[in-house]
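Working notes, beginning with the structure itself.
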Amino acid sequence: MQFASINGVTIHYQLIGAPADRPVIVFANSLGTDFRIWRDVIVRLAGDYAIVLYDMRGHGLSDIGQVPYAMEDHATDLAGLLDLLSVKNAVICGLSVGGLIAQSLYQRRPDLVKALILCDTAHKIGTADSWNSRIAAVEKNGIASIVDMVMERWFTPAFRRPENIAYAGYCNMLIRQPVEGYVATCAAVRDADFTEAAGRIKVPTICIVGDQDGSTPPDLVLSTAKLIPKARYEMITDCAHIPPVEQPEALTAIMRAFLSSIGDKSP
């Protein structure tokens, strides 16, 4: 395990090397998860690309830090980690809130971003009322009280079969996140709005979504792609909000095709 002190917060990360002429892909995970959600994608990419994974503050093995959070706090953490690792001009792949972090990072530190892979995310996610209701429920009754609602958005009915042991594991992952970090990140998502900023993105971008995503539905992700100049759009079938878990082969294939099309060599 690898840890770094970034902005006064201990951040858990992993760096997987590759030949010097290969670009770096940075993975930012979704709300209520840690970087293990990317495992089945990473095993398909390792060796061909250098890879950075990390747990955002308030998640996984990273510190909670000072609450409440703004999306800029998460983006500044990622920028600090990439600076520490001497990574520039990386492909940033963000899922859900990770996609918001990716957009915020691009606005603040475009020197760090070669391209964006925005996976099951949007320029704005949810409404103030929906996020405030979720925050109130978690503060009153804990994360376990919202597991069924969240899982219906994360995964298709086929994945949520009782006999699917992996499904139980991902329920555990959500429940075991720190309540303070989860709630603070909910507030950061609630307050983030990149609707206007999306039109200023100048790097190659692809927006990807599961066809049964209940958190950021295909129409919302498509609307985000239309805001970003020359952005591409891909939909994965038989998949909900977490493609790296539910459809890792399909997601990896889309990523490889995108990276090849933009020139997957280091500058």
Side-chain angles (χ1 to χ4, degrees), residues 28-33 37 56-59 67-75 93-107 116-156 170-171 173-175 177-199 201 205 207-228 231 233 235-236 239-246:
N29 52 284
S30 56
L31 175 68
T33 69
I37 64 169
M56 74 183 101
R57 63 167 64 194
H59 287 69
V67 296
Y69 305 155
M71 198 56 60
E72 291 73 16
D73 297 321
H74 286 300
C93 177
L95 172 61
S96 195
V97 64
L100 295 174
I101 295 170
Q103 292 173 73
S104 182
L105 180 71
Y106 177 77
Q107 298 304 319
L116 293 169
I117 299 175
L118 301 179
C119 188
D120 296 81
T121 190
H123 53 97
K124 181 169 177 58
I125 300 175
T127 65
D129 286 346
S130 67
W131 287 112
N132 288 337
S133 294
R134 185 182 299 200
I135 289 168
V138 170
E139 288 180 333
K140 181 178 181 181
N141 298 310
I143 295 177
S145 69
I146 64 167
V147 166
D148 289 344
M149 177 270 290
V150 171
M151 290 297 152
E152 287 178 359
R153 299 178 181 187
W154 277 15
F155 298 118
T156 62
Y170 285 102
C171 290
M173 178 181 283
L174 173 61
I175 291 168
Q177 300 303 320
V179 168
E180 278 188 282
Y182 185 86
V183 165
T185 303
C186 285
V189 175
R190 177 196 64 199
D191 298 339
D193 187 345
F194 296 104
T195 305
E196 190 273 332
I201 294 176
T205 301
C207 298
I208 306 168
V209 66
D211 65 342
Q212 299 178 50
D213 189 332
S215 293
T216 53
D219 286 351
L220 176 61
V221 178
L222 178 59
S223 72
T224 301
K226 289 180 177 179
L227 290 173
I228 300 171
Y233 172 79
M235 186 165 61
I236 299 174
C239 186
H241 191 57
I242 316 286
V245 170
E246 201 162 13

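None of these values were measured; they are calculated from a predicted model.
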Listed by chain and number, what are the side-chain hydrogen bond (donor to acceptor under 3.5 Å, both in side chains) partners of [X], not counting sequence neighbours?
{"X": "Glu246", "result": "Thr156"}
{"X": "Tyr106", "result": "none"}
{"X": "Asp211", "result": "none"}
{"X": "Asn29", "result": "Thr33"}

How would you list, by chain and number, every residue that makes a side chain to side chain contact (heavy atoms under 4.5 Å, CB included) with [X], sequence neighbours excluded?
{"X": "Ala197", "value": "Gln107, Phe194, Arg200"}
{"X": "Asp193", "value": "Lys124, Thr195"}
{"X": "Ala102", "value": "Ile92, Leu116, Leu118"}

Where is the tightest heavy-atom contact between [X] and [Y], given as atom of each residue plus distance?
{"X": "Ala192", "Y": "Leu100", "result": "CB-CD1, 4.3 Å"}
{"X": "Gly58", "Y": "Pro178", "result": "O-CD, 3.4 Å"}
{"X": "Cys207", "Y": "Ile228", "result": "SG-CD1, 4.3 Å"}
{"X": "Ile37", "Y": "Val245", "result": "O-CG2, 3.8 Å"}

Residues 143-152, side-chain donor-acceptor partners within the protein, below 3.5 Å, at least two apart:
from: Ser145; atom 1: OG; to: Gly142; atom 2: O; distance (Å): 2.7

Note, [X] side chain near [Y] side chain (heavy atom, < 4.5 Å):
{"X": "Cys186", "Y": "Val138", "result": "no"}
{"X": "Leu95", "Y": "Pro243", "result": "yes"}
{"X": "His59", "Y": "Leu31", "result": "yes"}

Just list the side-chain donor-acceptor pairs under 3.5 Å for residues 218-225, sequence neighbours left out, or say none.
from: Ser223; atom 1: OG; to: Leu220; atom 2: O; distance (Å): 2.6
from: Thr224; atom 1: OG1; to: His123; atom 2: N; distance (Å): 3.1
from: Thr224; atom 1: OG1; to: Leu220; atom 2: O; distance (Å): 3.1

Inset, instruction - Could you pull out all residues at least two apart from Tyr69 that satisfy ring pair (Phe, Tyr, Trp, His ring centres under 6.0 Å)? - result: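 Applying ring pair (Phe, Tyr, Trp, His ring centres under 6.0 Å) to Tyr69 gives His74.
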
Legend entry - Set of ring pair (Phe, Tyr, Trp, His ring centres under 6.0 Å) partners for Tyr170, sequence neighbours left out: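 Here the qualifying residues are Phe155.
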
Let me confirm one number: the [atom1]-[atom2] distance from [X] to [Y], rounded to the nearest 0.5 Å.
{"X": "Thr185", "Y": "Met56", "atom1": "OG1", "atom2": "CE", "result": "6.0 Å"}
{"X": "Arg190", "Y": "Thr127", "atom1": "CZ", "atom2": "OG1", "result": "10.5 Å"}
{"X": "Glu139", "Y": "Glu180", "atom1": "CD", "atom2": "CD", "result": "9.5 Å"}

I'd like to know if the side chain of [X] and the backbone of [Y] have a donor-acceptor N/O pair within less than 3.5 Å.
{"X": "Asp120", "Y": "Gly210", "result": "yes"}
{"X": "Trp154", "Y": "Ser215", "result": "no"}
{"X": "Asn132", "Y": "Asp129", "result": "no"}

Inset, instruction - Apply side-chain contact (heavy atoms from CB on, under 4.5 Å) to the pair Asp191 and Met71, showing each step before the final yes or no. - result: CA-CA 8 Å; Asp191 298 339; Met71 198 56 60; over 6 Å; no

